[in-house]
Colleague: 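Next up is a structure, given as structure tokens.
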Amino acid sequence: MNSTRRILGLLKPYRGKVLLGFLFQTVVIVTRLIQPLITRQVVNDVIIAGRHQLLVQLCLTLLGLSLTRAVSSYVRVQMMERASQNVAYDLRTGLFRHLQTMSFSFYDRNRVGEIMSRMTGDLEGVRDYLAGGIITMFEQGITFFGALVFMFTLSWQATLTILAMLPLIAWIAFRFRSRIRPAFREAREQTATLNTRVQENLAGIHVVKAFVREQYERELFEQENRKLLGVNLKITDIWRTYVPIMHGLSEICTPLVLATGSVLIATGHMDIGTLVGVTGYIWMLTQPMRMLSQIINSMTRASTSAEKIFYYLDLGPSIRDDDNPQTVNERKGRVEFDRVTFSYDQQPVLQDISFVAEPGQTIAIMGATGAGKTSLVRLLSRSYDVISGRVLVDGVDVRRQRLKELRCGIGYVPQETFLFSESLFENIRFGRPDASLDAVVAAARAAQAEEFIEEMPLKYETVVGERGVGLSGGQKQRTAIARALLIDPSILVLDDATSAVDMQTEYLIQQHLERSIQGRTTFIIAHRMSSVKNADLILVLNQGRIAERGSHQELMALKGEYWQMWQDQLTSISGEGGGV
Ligand code: M5T
Ligand code: MG
């Protein structure tokens, strides 16, 4: 009920259109309600009393009513369609906007396919209800009660026979609704699950094909699809059971009224014209009964769809601006971790991390896979919040800073490169949409991307496919480095940013980066020792803790984990002629 009320609330900005819609719908109904009164007159006055001169006038009135009905119907549909389309637009915009504010943890928990399902199918369900469902409900409701009143003025006895049926119909409607509601919920969830399967399959189609798992994927899909079929058939089953009952009940009304009418005529309490008039109302009374199942259907579908949309809208971002944010006067790039502890859920990922990076310094983070390197740098831009301790950027706790300002100062090259299906030019200037071509070229040069871009037929205008399809791994990474450099950040984070390039290119990137990272605090996460050797501070992470810290010389002298890594890589070069 709550979500139905909220759906109606969405119509508020369009109340003018909605009111007009309802007004014209009322006109449609009134013209219908008047009609039997005229038929009654035709029977009584024209046919029985023989006042033939009235016929033309009455027929013209009927014609006029039909015309009014047609025009009003047109206006009504127009108004409601417009209002509902606008609401759908608002809801889509609102939902998308809201999704942009949600934090990483939301996306860790909610699947893309499911969110897409809300944005499309569920939204359309709500719109459908607003455009048609509500008006049908209103139309049938008013018609029903209007017909009752008009019929009552003609014959209260006939009306009472119909009223006697009402409690039964109400009970059946209630039963129908309570049975179909959970089925709709299930269908909605299953559709989301199915969409997720499709989305994941498509996103990972290379893996599917490489491992020849098409058959498995097909079976998995069919399994989910069969479940959806099952739920939909269940809905049909419920529907199939209740529709005939409601139709049957409505059909009983005709003989009941006719029988009552005949008795009344026989006993001289009713004239024939009135009986004809009364039968004219029977249809108006029984039609809403027949439509009731449909109305309940549409209403329940919309409200279950809306539930999840509202659920998303009600979720606030877990990471948001402080109510009273502190401004950082000068962004120099000083970073301090002060006894930081962090976890995604229960399992601790980082423990007791403390270090300082002075402006312009290069900090290398090393450690085995899963040691917490990526997690550590994610805390800088407040992708997640610490559990305890503080992360300070330029002396101010990141939680006290405006997210926008904080993030604008950090150039982030994520471990997994993501590019948009746009031109390289637009991809590189993603963080600074007003950047000129010269600036883009300069950033590309610094990232060692210029050469390969110049070789492309359309150069910077080359459009890359979804997620960067059409580029090699190293080309994608270099594009991502250029993108990060272009925003001229005071802090640069390179999370395994050169893992996919060959040693020669990595060397070149480093030579160029030397220059571009001047004056920026740079975090380098790398596995190749040569990339970290010159860092001002090397942190060796081991299971979320800093196991060793210091410069290359200091750590070598320590003969600990770092030294061991160095030895291992040296062995692998001498053994395989491979790379450090
Ligand atoms: C550190 C866990 C992961 C690992 C630990 C990203 C992510 C990680 N983890 C989660 O539970 N949820 C997440 O969303 O955290 O992970 P990391 O920081 O990604 O490790 P890394 O960057 O040092 O590893 P790698 O492989 O990139 O070198 O236990 O399960
Ligand atoms: Mg990582």
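Starting from 1, each residue takes its place in the sequence as its number. In each ligand, atom 1 is the first atom listed, and ligand 1 is the first ligand listed. It should be emphasised that the depicted structure is a prediction, and the values quoted were computed from it without experimental measurement.
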Colleague: Check this for me: does any side-chain nitrogen of one of K209 and E217 sit under 4.0 Å from a carboxylate oxygen of the other?
Modeller: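 No salt bridge links K209 with E217.
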Colleague: Angle between ring planes, H552 versus W566, binned at 30° and 60°: parallel, tilted or perpendicular?
Modeller: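 Ring orientation of H552 relative to W566: perpendicular.
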Colleague: In plain terms, say whether E461 and K459 are close enough for a salt bridge, that is, a side-chain N and a carboxylate O under 4.0 Å apart.
Modeller: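 Not counted as a salt bridge, because no side-chain N and carboxylate O are separated by less than 4.0 Å.
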Colleague: Centre of F221's six-membered ring, under 6.0 Å away, within 45 degrees of the axis: is that where NZ or CZ of R197 sits?
Modeller: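 Checked: cation-pi criterion not met.
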Colleague: Kindly indicate, with the supporting measurements, whether the criterion salt bridge (Lys or Arg N to Asp or Glu O under 4.0 Å) is fulfilled by D397 and R382.
Modeller: CA-CA 10 Å; D397 191 323; R382 243 192 122 195; over 6 Å; no
Colleague: With a 4.0 Å heavy-atom cut-off (strictly under), which part of Q543 contacts ligand 1: side chain, backbone, both or neither?
Modeller: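 Neither part.
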Colleague: Is there a heavy atom in R378 that sits closer than 4.0 Å to ligand 1?
Modeller: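 Judged by the 4.0 Å heavy-atom criterion, R378 does count as contacting ligand 1.
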Colleague: May I ask which of D495, V349, L541 has a heavy atom nearer to atom 5 (C) of ligand 1 than the others do?
Modeller: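 The residue whose heavy atom sits nearest atom 5 (C) of ligand 1 is V349.
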Colleague: Kindly state whether the ring of Y312 and the ring of F106 have centres lying under 6.0 angstrom apart.
Modeller: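 Yes, the ring centres sit under 6.0 Å apart.
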Colleague: Would E189 and R118 pass as an ion pair if we require N to O under 4.0 Å?
Modeller: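 Salt bridge flag = yes for R118 with E189.
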Colleague: For atom 8 (C) of ligand 1, state which one of F342, Y344, Y107, F104 supplies the nearest heavy atom.
Modeller: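 Heavy atom nearest to atom 8 (C) of ligand 1 belongs to Y344.
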Colleague: Please tell me whether S388 and T341 have a donor and an acceptor in their side chains that are separated by less than 3.5 angstrom.
Modeller: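 Yes, a side-chain donor-acceptor pair sits under 3.5 Å.
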Colleague: What atoms in ligand 1 come closer than 4.0 Å to a heavy atom of A371?
Modeller: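 Answer, ordered by atom number: 20 (O), 23 (O).
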Colleague: For ligand 1, which part of Q415 has a heavy atom less than 4.0 Å away: the side chain, the backbone, both, or neither?
Modeller: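 It is the side chain that touches ligand 1; the backbone stays farther off.
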Colleague: How far is atom 26 (O) of ligand 1 from its nearest protein heavy atom, and which residue and atom is that?
Modeller: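 Sorting protein heavy atoms by distance from atom 26 (O) of ligand 1 puts T369 OG1, 2.7 Å first.
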Colleague: For D394 and K332, indicate whether the former's side chain and the latter's backbone hold a donor-acceptor pair under 3.5 Å.
Modeller: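 Yes, D394 side chain to K332 backbone: donor-acceptor pair under 3.5 Å.
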Colleague: Do me a favour and list the nearest non-hydrogen protein atom to atom 1 (C) of ligand 1 with residue, atom name and distance?
Modeller: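 Nearest neighbour among protein heavy atoms for atom 1 (C) of ligand 1, to 0.1 Å: G370 O, 3.5 Å.
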Colleague: Between I538 and R549, is the side chain to side chain contact (heavy atoms under 4.5 Å, CB included) condition met? List the steps.
Modeller: CA-CA 6 Å; I538 300 168; R549 68 173 75 209; over 6 Å; no
Colleague: Using the side-chain hydrogen bond (donor to acceptor under 3.5 Å, both in side chains) rule, take Y129 and S305 through it: C-alpha gap first, then chi angles, then the decisive distance, then the call.
Modeller: CA-CA 11 Å; Y129 172 62; S305 281; over 6 Å; no
Colleague: Would D108 count as being in polar contact with ligand 1, using the rule that some N or O on each side must be under 3.5 angstrom apart?
Modeller: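 In fact, backbone or side chain, D108 has no N or O that close.
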Colleague: Relative to atom 18 (O) of ligand 1, which among S375, S105, S343 owns the nearest non-hydrogen atom?
Modeller: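 It is S375 whose heavy atom sits nearest to atom 18 (O) of ligand 1.
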Colleague: For atom 19 (O) of ligand 1, tell me which residue out of L376, D496, T374 has the closest non-hydrogen atom.
Modeller: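 Of the listed residues, T374 has the closest heavy atom.
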Colleague: Please state whether G367 comes within less than 4.0 angstrom of ligand 1, counting heavy atoms only.
Modeller: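 G367: no contact with ligand 1 (<4.0 Å).
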Colleague: What protein heavy atom lies closest to atom 28 (O) of ligand 1? Include the residue and the distance to one decimal.
Modeller: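 Protein heavy atom at minimum distance: K373 NZ, 2.7 Å.
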Colleague: Can you confirm whether something in the protein, heavy atoms only, sits under 4.0 Å from atom 15 (O) of ligand 1?
Modeller: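 True for atom 15 (O) of ligand 1.
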Colleague: Please list, in chain and residue-number order, the protein N/O/S atoms closer than 2.8 Å to the Mg ion (ligand 2).
Modeller: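 Those protein N, O or S atoms (cut-off: under 2.8 Å from the Mg ion (ligand 2)) are T374 OG1, Q415 OE1.
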Colleague: Hey, does the Lys NZ or Arg CZ of R213 hover above the aromatic six-ring of Y216, less than 6.0 Å from the centre and inside 45° of the axis?
Modeller: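 Yes, R213 sits over the ring of Y216.
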Colleague: What I want to check is whether the side chains of E224 and Q190 have a donor and an acceptor closer together than 3.5 Å.
Modeller: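 Yes, because at least one side-chain N or O of E224 sits under 3.5 Å from a partner of the opposite role on Q190.
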